[in-house]
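These numbers come from a predicted model, not from an experiment. So you know, we letter chains A, B, ... as the sequences are listed, proteins then strands, and number each from 1.
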Amino acid sequence: MNDRTFVTVDGNEAAAYVAHKLSEVIAIYPITPSSTMGELADQWTAEHHTNIWGSTPHVAEMQSEGGAAGAVHGALQSGSLTTTFTASQGLLLMIPNLYKIAGELTSTVFHVAARTIATQALSIFGDHSDVMAVRQTGWAMLASASVQEAQDLALIAHAATLRARVPFIHFFDGFRTSHEVMKIERLGEADLRAMIDDDLVRAHRLRGLSPDRPVVRGTAHNPDTFFQAREASNSFYDACPQIVQDEMDRFSVLVGRDYHLFDYFGDDHAERVIVIMGSGGETVRETARALNCGGERLGVLQVRLYRPFAADRLIAALPPSVRSIAVLDRTKEPGSAGEPLYQDVVTAIHEAGLATHVIGGRYGLSSKEFTPPMVRAVYDNLSQAEPKKHFTVGINDDVTHSSLLVDEAVDVEPRGTVRCVFYGLGADGTVGANKNSIKIIGEGTDLYTQGYFVYDSKKSGSVTVSHLRFGPEPIHAPYLIDQADFVACHQFGFLERLAVLDCARTGATFLINSPFGAEQVWDHLPRQVQAAIASKHLRFYVIDGNTVAGEAGMGGRVNTIMQTCFFALSGVLPREQAVGAIKHAIEKTYGKRGEAVVQRNFAAVDAALAHLSEVNVPAQATSTLLMRPSVPREAPEFVQNVTAVMIAGHGDDLAVSALPADGSYPSGTTRWEKRNIALEIPEWDPAICIQCDKCVLVCPHAVIRAKILEPAHLNGAPEGFHARPARWKEFVDSLYTLQVAPEDCTGCGLCVEACPVKSKSDSSRKAINMVPQPARRAQQAANWDFFLGLPEVDRARLSFNSMKDSQLLQPLFEFSGACAGCGETPYLKLLSQLFGDRALLANATGCSSIYGGNLPTTPWAKNLDGRGPAWSNSLFEDNAEFGLGFRMTLDKQTEYAGELVRRLTPELADDVLHADQSTPTGIYAQRERVAQLKQQLSDVDLPAARDLVSLADVLVRRSVWIVGGDGWAYDIGYGGLDHVLASGRNVNVLVLDTEVYSNTGGQMSKATPRGAVAKFAAAGKNLAKKDLGLLAMSYGNIYVGRIAMGANDAQTVRTFLEAESYDGPSLIIAYSPCIAHGYDLRHGLEQQKKATLSGHWPLYRFDPRLAVDGGQPFQLDSKPPSIPLEDYMYAETRYRMLTQSDPAEARRLLGLAQQDVRDRWQRYEQMTKHVEGNIR
Amino acid sequence: MTPDLSTTYLGLPLSSPLVPSASPLSRSLDTIRRMEDAGAGAVVLHSLFEEQIEFESHILDRSLSTGTNSHWESATYYPEPEQFTLAPDQYLEHIRAAKAAVGIPIVASLNGVSAGGWLKYARLIEQAGPTRSS
């Protein structure tokens, strides 16, 4: 019986559906862009979805992809049907096990959302560099090119592996396919059952290890037998291609969709053929079809089975007429004779004795767009007498001139396809509504649909661009829309900085969410926008979505309002039917959150159309307003020429020569971005301010700063710039000022919550208060510029031990793209203030590496002397070791420099090599000494002298920081962290503990507390949080501090200073409120207090120096728990959710967690009473 | 000899006129049983507040929506169960459990804030099976 249905899903869900249905054991670990597959598998198991044998698969999250591969290997060897999901570095961590699994001829399928491997930079986007890095492991490799194929070939892979006994990697393009939402035909369970041979399943099971039929597998061989044994599996690989084709043929008979190892499309007599693998093949196919209609004779060979590489099948699939072939690889293999697929095709052609001319090229690295004009350029290259070899397409390589010239657009999409582009903010719900729209159209009509969603790299105020296609013909267009029939801009403010109408075709419809009505809006548009509307003859509509949303109680979420307008204007469905479908989708999406939420959305939908108006468009632009430049004119050259282009969304236009070849970028570039994302900003009330600087400390984005200045500095101050007599005994007769950066603020409000002052005349007012940004923007921007020009406070005059003083230090971490209210960034900012001018940072991959290092801009900054944190990211798993490498270099260089000083300038040796550098004054004096040393050596023409000059700067004490989140420190990087801490070297480790994998979307780590709900812990985390600090303390010689800035800021500052001053390994574990905790982060400080008061997060310091003379190294800095744990927990959704999904389990886990608190406190109290032995 | 204190209230036969009013005591089945054992003629449950239901719903919605579909790597931050048991569901379940736990009448207490809300939640309470709603 056919139980297939049409569904609207992305590639990850399409593949995971098959994998879950055909597995018994699944080991998972999150990595973009494959995480969703693991999340869905975990969720389906939590919901007791069964496999085709009626049993629910077991799903286990591991500590790394290496761990997942090991668990999978073990499960396979003991006879389970087992799978996993991964990408990029995750796949590389599995390589040793891949060899083993293949060597043991084990049936399994790994599903891979193919992603770029980090090289000169990390990239989360899609290409084939990861899967190409495992092509030698002995796995079969099957490539899907679309969402439909991601499902279909998943099934074919699972069926084939059982018969072939060769393990399969089934892969599809990361993001382009893994995250593209399409209407597909979902296979029925009957299809899956029909394709899987239960006899083969039982055979697989019987090959599993069992004491009832014992064998020894995994032996070690000597030179006498290994070679022969390695060749013993040849016949399995020889048979594999035919087995795959047989399964494809069975699938075709069963389902009706045809697949072949190599699928040829195009003219039967084609002379020019492109060979390609993955989603790019769809683009080539559609382009060839369109060009052939114009008289060309072109073809494309889509590679589906890449390994084992069936050369004879490839030759057979090509038309005999072919004269030249271009092989396109979505990967780069520097230094090779050519990229892998190219080399395979060359070999196949050569071994077949053909004279066909073959060239190779690269395209689409890191999800670079691959479009019909690029395809045409490749075909054009093939028709040249001397075609360019080893070319690139899609970029401008103006250095080695590898790139092909790409001409103007060519539209190959079928008539009737409607293309729509929506610009929104992450916070306004645009993407969510568009995902619903695709489902509404896909499941409510006969139309085919496609959706793809583009985000910028910011976690606050992020811009989203939704690309939707629908039409009567199947959609094969895996590239962005550049000729839209409908463009909607859901945020009026975008018009001054984004060219939203570049993608509109002539005669398109344009909808804007505007505070100005149909009669007024024209005069508020930038001139460039007016010109585009007029010249492209756009139909122009306006709605004040924010007012409608406000009246409906929706806040800033205009999504359903704009969605209703889209349906009304596009006419894809009759209006009443569309409204009904939207409401049905609202009930489906929000119904379980409560009736009130549903009704609020209904009200917004019902009110929307009454506020929608068409604008009469004048014939030409009339505005004097202009779009503002991406960066100010005074920005440095690199920022003007490169960074600004990326900010404007035109990074694709940058030529190779514009970009650093080794991945080194200037720091401190966020300051030029001026994102203006806050609706409200803080405003200082100097009259009642007590100058405590708490607001400065807690600001996650370094947009509130304080300075001490002299009265004379106020000369030339803008009107409205305030200063008050400084309340510092060290700065008598000086002034104090507090200034906000209005265009960089995210409006989180943490500063207001931190302010301890209340106005006596109005208790609702504090010394800092939120006010609307637009009205204050110009004046406060002028004030900010003036403030930046004021001299920084002399570090030597400040007491770093004082929290208040520490906030007069210039932050060298500013304006990051972190979430509004981020709990991590205040710690990094503090680190930068205290040690930034001499710090090296090793940053584990995660949130902090994204807001810290994701282009276009970087928040790590420099002071006026040009000094600042030197920052780098290696990987996720190796960060502690990476930072240790910094230390080893510094130690060796310091030693060598010392040797040279003693040899070349013995008179300076005592002063330079034994300087007291424990204070800012000491650091300053040492810098002077080193400068003098270098000056003295500048005229000495000896190799040793030149060596010393190049090394002398390391004689100024460096501060090595190893920074990362709990996913790194507790899980994937724990082994390395443990080893580095045990090394005894002088490194400082800062763990930004959000108690969850934040960056990849909230998966459980071993830092996740008992009772919290997280992905992979949908039923609540059952075990207590790992006590990382206690484990480190057990060594005895490691400084350990546990801090929570909101609970005790003075202890936080003190812990940083002590840790850094300790000449050995230090570990700081910092409580970091996170968006994944589920409350308004404006209240993050209060929640930190509750965490400490409840005993969930006791504060302490363990300082081995105190034990040297028999003292007690462990000091508790917080009082015994004084509030019930639930008072802390149930202020956060991550805990409260469990009371709403499983109240009984929530009560049980709450009880256990409360007992955890008691046990931990008792243990810590004991530790304050006894001196641990074996110290140092 | 135990005096007969039985009476009726709003048509309800009660073994005693002593009826504990809405209070936190009725949040737990254990204390409801103890009130019955102590001679209560009926128990009025703690109140169901309409605005509290709406507030809980809005908070859950905001928490589950914040930060979603905003970044390449994290479309969401929580697993979403197939169903949440929110305030009205928990209250209705409590009514059912209380009815099953004791023999005396259980009187529900509702505090609405809208005309539709009064009727809607009263009907739900009625369906859950309390003796009366107040």
Is chain B contacted by the side chain of [X], its backbone, both, or neither, given a heavy-atom distance below 4.5 Å?
X         : answer
A/Ile124  : side chain
A/Thr464  : side chain
A/Ser998  : backbone
A/Phe453  : backbone
A/Ala1076 : both
A/His1077 : backbone
A/Asp456  : backbone
A/Ser457  : backbone
A/Ala1018 : both
A/Lys435  : side chain
A/Val996  : neither
A/Phe175  : side chain
A/Ile850  : side chain

May I ask you to name which of [options] has the most heavy-atom pairs under 4.5 Å with chain A?
options                             : answer
B/Arg62, B/His58, B/Glu54, B/Lys120 : B/His58
B/Gly67, B/Gly117, B/Pro81, B/Pro88 : B/Pro81
B/Leu60, B/Ile59, B/Ile53           : B/Leu60

Under 3.5 Å side-chain donor-acceptor pair for [X] and [Y]:
X         : Y         : value
A/Thr1008 : A/Arg1134 : no
A/Thr845  : A/Ser849  : no
A/Gln563  : A/Ser437  : yes
A/Asn436  : A/Thr589  : yes
B/Asp30   : B/Ser28   : no
A/Thr1133 : A/Arg1136 : yes
B/Gln83   : A/Ser1141 : no

Greatest number of heavy atom pairs closer than 4.5 Å to chain B - which of A/Ser35, A/Gly1002, A/Gly1078, A/Ala427: A/Gly1078
message: Between A/Val431, A/Ile31, A/Asp428, who has the most heavy-atom pairs with chain B when the cutoff is under 4.5 Å?
response: A/Val431
Contacting region of B/Leu64 [heavy-atom separation from chain A under 4.5 Å]: both
task: Under 4.5 Å heavy-atom distance to chain A, tell me which part of B/Glu80 shows up: side chain, backbone, both or neither.
output: both
query: Are the charged groups of B/Glu126 and B/Arg123 less than 4.0 angstrom apart, N to O?
result: no
- prompt: Name the one of A/Lys1015, A/Glu995, A/Glu61 that satisfies side chain to side chain contact (heavy atoms under 4.5 Å, CB included) with A/Met1004?
  reply: A/Glu61
- prompt: Taking the six-membered ring where the residue is Trp, are the ring centres of B/Tyr91 and B/His46 under 6.0 Å apart?
  reply: yes
query: Has the side chain of B/Thr8 got a donor or acceptor atom that lies under 3.5 Å from a matching backbone atom of B/Gly11?
result: no
- prompt: Does some side-chain heavy atom of A/Thr430 sit less than 4.5 Å from a side-chain heavy atom of A/Met562?
  reply: no
